[in-house]
Number of protein chains: 2
Amino acid sequence: MKQKSTEHSKLKIIPLGGLEQIGMNITAFEYEDSIIVVDCGLSFPEDDMLGIDLVIPDITYLKENMDKVKGFFITHGHEDHIGAIPYVLKELNVPIYATKLTIGIIDHKLKEHNMLTKVKRKVVKYGQHINLGNFRVEFIKTNHSIQDAAALAIYSPAGIVVHTGDFKVDYTPVFGDTIDLARLGELGKKGVLALMCDSTNAERPGFTMSEKSVGKTFDNLFAEHKNSRIIIATFASNVDRVQQIINSAYKYGRKVVVEGRSMVNIISTATELGYLDIPENTLIDIEQLKNYPDEQTVLITTGSQGESMAALSRMASGMHKKIAIKPKDTIIFSSHPIPGNEKAVSNVINELFMKGANVIFQDAHVSGHACREDIKLIYSLVRPKYAIPVHGEYRHLMAQASIAEELGYDKDHIFILSSGDVLELDEEDAKVTGHVHVGNVMVDGLGVGDVGNIVLRDRQHLAEEGIIIVVLTLEAGSGQVLAGPDIVSRGFVYVRGSESLMDEAKQVLDVTMQQMMDKNVTDWGKIKSEIKDALGEFVWKETKRRPMIIPIIMEV
Amino acid sequence: MKQKSTEHSKLKIIPLGGLEQIGMNITAFEYEDSIIVVDCGLSFPEDDMLGIDLVIPDITYLKENMDKVKGFFITHGHEDHIGAIPYVLKELNVPIYATKLTIGIIDHKLKEHNMLTKVKRKVVKYGQHINLGNFRVEFIKTNHSIQDAAALAIYSPAGIVVHTGDFKVDYTPVFGDTIDLARLGELGKKGVLALMCDSTNAERPGFTMSEKSVGKTFDNLFAEHKNSRIIIATFASNVDRVQQIINSAYKYGRKVVVEGRSMVNIISTATELGYLDIPENTLIDIEQLKNYPDEQTVLITTGSQGESMAALSRMASGMHKKIAIKPKDTIIFSSHPIPGNEKAVSNVINELFMKGANVIFQDAHVSGHACREDIKLIYSLVRPKYAIPVHGEYRHLMAQASIAEELGYDKDHIFILSSGDVLELDEEDAKVTGHVHVGNVMVDGLGVGDVGNIVLRDRQHLAEEGIIIVVLTLEAGSGQVLAGPDIVSRGFVYVRGSESLMDEAKQVLDVTMQQMMDKNVTDWGKIKSEIKDALGEFVWKETKRRPMIIPIIMEV
């Protein structure tokens, strides 16, 4: 650690995303001339972001302070923590630090973007400390619904900040060790300035169940359904879940097929790096499925969230090229619907039932996030001076704040931040002293940030009301109408009565144009606005709809 | 009842909607020359029905058999059972039979559509029998989340069908009597041909709690939050819920304000008809609110489903003209999100928290539908020969079928129907013998059925990718380009780089048109398709997007 910092500098914590939502996690820590960044995630588009593929954080602040930025520390390999890396690291040439599996997953992502050689990645072990500028960062073992998750202890001259990442407390993890509670306690004894703790499940009472409990459920379900093929949908990245399915399959003498691109990818990465232990001759190719009786096979598949293009959804709708659902199949959703996906999941369940399958959608899942009592445990170990709930919508952050209050924290020691807030803190004091530019950058096709609010507003309008295009050719000079007005519509009424409607609309426009001619109006702006008004009024009167109206004038 | 029926006729049960979904309930019962219809509901648009306001059933079958249709029997006043009445009764001139409150709500709806004088309505009492053609229909008291709900015993020469409507078993109802279990038992002893039973909660174990339990919760919440204003959001039609809020308010000396159009309407109808008992000087106008201290007021409001235009959503976003959320307000969601509304509800909760309010969104609601054990009770009383689960998505119907199997029904005595199926049945036999035309008629603005699948597909395309319009003026005869090609786009890339993209696109089109000219192509169809192909390919290459491309040619 450099020694040039003065006693008077404070640490700045600047979340650039990830508050107000579960997604797009990215937080800058700044001390004098050093910035380090924790996580670099994406979020998935909201319902009103029509046609958008994904959303990444606006990193204007980092680009403006490019000289200060020393590196990225990634807590774990979920999309909301790593998904923006290929976009952000195009603009910032700094190294990434993470645990082995996390780096493995990042590598795969960088490869897809042809960026593997352009970004420096460093694998870090639990307990290891990384010195970078004014900071030292220690990786601490945690448990989560993906392996190799880490909490970070961020040492700055102003004090230590503990960032939990996403975590749960699992005393009987499927792979590796329990969260390093002892180290968190040791840091608590040293004195921690601030705790940034996962709020996802802060509304839920009690404790989060061990991942291992799902393994027992699988054993029971395999015993109960031993006469049918079993298909299990779960999150691709939950390698422990996949391990437990494989364990049950092996125990009950079933071969395992893995289906769905992201599932295949993660399993191959995890196997390569030693995070998944597959007994020999257990995994078979999907093409070999036909060589085994149904009751000796298990499929592990993507699509547990009802995603329309995922493997399970394609099976359910009969669009999957290689797997057809059979009446005796047992299909297990090892997942809960993420808020917003309930209807899509329910549609897939209905389709599977209609194909005669037996669908099990309860009790074969546990959460990867700490509940209220677990969060209290972490606070009691770390004993931070300041509480900064992170990772959640406002309601979740508030729920964690209520936990901190229950534990005796004063309100002025709890900080519910907004993305962009600059929280300055040291042992003396903590307060929000400013706000930097943040925002959503929308990615649509190849375009990053080229779809803005105007485009989205237009899409919304087009989606709800359709479009009417009016074209008109005028004579240069005289402004006389040579051809048109012609009317073309899309996404507007179609089936019944719309022909006569369009005929009448044309008459309305003919009258409007005649009035323009009579008054010698030649200004195109004026003509267009008259066309819009006259047609808009007519259509509203007739249909109570307001399609987008686009007048186009040509001149010859 | 007429006596002309022969021994050989069977009863036909033809659901015209309401299966495969929770919504749009309408079922025809046909015996020889008589048809009666149970319920006439709407459904709300699915996510892919862009811009659609509501969906009503296609009643082609009823129109084709107009002479046979004798009347409509409505089980209760929820939109998914009455919402299509103003549309359907425009086409069928027959009377409607229902209980008093249900008719009151229907009257209000007919008034809005200027149809009150055109539709005959008859108020029916529990225990009353209506003779209509070959049918006799008895109304039987049930409990539900709206008052005056009825089950129907439908007597036909082929046997008795019991249709539960939507129901729960409430031993301690807030208003009126418990469901008439004794009458169901009596019918069971007489012999019931088929039971059509509500499946909504057939996946949920146990029993549904009494509505009265929510009253206790309100009392506790009022006692606990006696220093703040209380705002409670619930379903407008749940008059018992409103009654219990008013009871707690009265007990704790608070004035009550009702806000939201549908809430005001139902409360005025219910009060007028004697279904709501409001102590004098309890209800005040929203304008009077300022005359009372916060802790002496309660607001009952619409918006419990996060509907963007409802009163609570407008309060949450600061758009409500008369109510501003204050930091000390206690806001209670007396509701659960209906599947699909989870995100919208969560957004409103976040906004309310951000305004500093205390939001309570758990434990202040019970369902209006029977759970598994309640359904078993009904089967055990009615003891039907055939089980026909209704009111639910396929998964819910299947869940009720599994209950029937548990109770010992053979699979071939359980019928999971699809909308349009014709189930013919009598004491000897029951089977699906045909299928009639059914479908969704979309209502959009004033238009009923004029938005079809092509329009929806266009809207989807426009929503996701936007539109590029290419206009071109050709010389009549020669086919020479006089003006254009000009390009206009909406909902397509906008912010960055799109100007040069459009310039290049124009060059592509200039080249294409030159090639057409060189080859003397004058066929407009050919020219348009070349423009679409060339521009589509260019745009895909540059952006990986496929906007809708509309070439428009004019001739002068």
Side-chain angles (χ1 to χ4, degrees), chain A residues 20 46-47 50-51 339-340 342-343 346 349-351 353-354 359 393-395 398 444-447 449-452 454-456 458-467 469 471-473 475 482-484 486 488 490-498 542-545 548 550 552 554-556, chain B residues 20 46-47 50-51 339-340 342-343 346 349-351 353-354 359 393-395 398 444-447 449-452 454-456 458-467 469 471-473 475 482-484 486 488 490-498 542-545 548 550 552 554-556:
Chain A
E20 304 95 25
E46 297 288 315
D47 285 349
L50 295 168
E342 291 85 353
K343 264 212 140 157
S346 203
I349 291 175
N350 282 320
E351 287 179 323
F353 269 128
M354 282 183 209
V359 189
E393 299 170 18
Y394 196 80
R395 58 190 287 183
M398 282 297 290
D444 172 4
L446 289 184
D450 58 358
V451 168
I454 297 171
V455 170
L456 285 188
D458 282 350
R459 286 181 182 178
Q460 196 84 44
H461 190 173
L462 291 166
E464 295 192 346
E465 309 272 0
I467 187 170
I469 305 155
V471 288
L472 196 63
T473 304
E475 188 177 55
L482 294 178
D486 286 354
V488 176
R490 287 293 185 279
F492 189 59
V493 290
Y494 188 88
V495 182
R496 212 193 304 170
S498 75
E542 295 292 320
T543 67
K544 287 286 174 286
R545 295 172 172 115
M548 182 183 284
I550 309 278
I552 304 175
M554 306 200 78
E555 195 177 57
V556 298
Chain B
E20 303 97 25
E46 297 289 313
D47 285 350
L50 296 169
E342 291 84 353
K343 265 212 142 159
S346 204
I349 291 174
N350 283 319
E351 286 179 323
F353 270 127
M354 282 183 207
V359 188
E393 299 170 18
Y394 196 81
R395 57 190 287 186
M398 283 296 291
D444 173 4
L446 290 185
D450 58 357
V451 167
I454 298 173
V455 170
L456 285 187
D458 282 351
R459 285 182 183 176
Q460 197 84 45
H461 190 172
L462 291 166
E464 294 192 347
E465 309 273 0
I467 188 170
I469 305 155
V471 287
L472 197 65
T473 304
E475 189 177 54
L482 294 180
D486 285 356
V488 176
R490 287 291 185 281
F492 189 61
V493 292
Y494 187 88
V495 181
R496 213 193 305 168
S498 76
E542 294 293 320
T543 67
K544 288 285 176 283
R545 293 173 175 116
M548 183 183 283
I550 309 277
I552 303 174
M554 306 197 80
E555 196 177 59
V556 298

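Below, chain A is the first sequence line, B the second, and so on; all start at residue 1.
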Side chain, backbone, both or neither of [X] within contact of chain B (heavy atoms, under 4.5 Å):
{"X": "A/Val471", "value": "both"}
{"X": "A/Ser346", "value": "both"}
{"X": "A/Arg490", "value": "both"}
{"X": "A/Asp444", "value": "both"}
{"X": "A/Met554", "value": "side chain"}
{"X": "A/Leu482", "value": "both"}
{"X": "A/Gln460", "value": "neither"}
{"X": "A/Glu542", "value": "backbone"}
{"X": "A/Ile550", "value": "side chain"}

Between chain A and each of [options], count heavy-atom pairs under 4.5 Å; write down the option with the most.
{"options": "B/Glu342, B/Lys343, B/Arg545", "value": "B/Arg545"}
{"options": "B/Met548, B/Met354, B/His461, B/Met398", "value": "B/Met354"}
{"options": "B/Glu464, B/Arg459, B/Lys544", "value": "B/Arg459"}
{"options": "B/Leu472, B/Asp47, B/Val359", "value": "B/Leu472"}
{"options": "B/Glu555, B/Arg395, B/Glu351", "value": "B/Arg395"}

* Measure the spacing between CD1 of B/Ile552 and CG of A/Asp486 and express it to the nearest 0.5 Å. => 8.0 Å
* Given the options A/Asn350, A/Asp458, A/Leu456, A/Leu462, which has more heavy-atom pairs under 4.5 Å with chain B than any of the others? -> A/Asn350
* Asked: Side chain, backbone, both or neither: which part of B/Glu393 has a heavy atom under 4.5 Å from chain A?
  -> both
* Asked: Between B/Val455 and A/Phe492, which heavy-atom pair has the shortest distance, and what is it?
  -> CG2-O, 2.8 Å
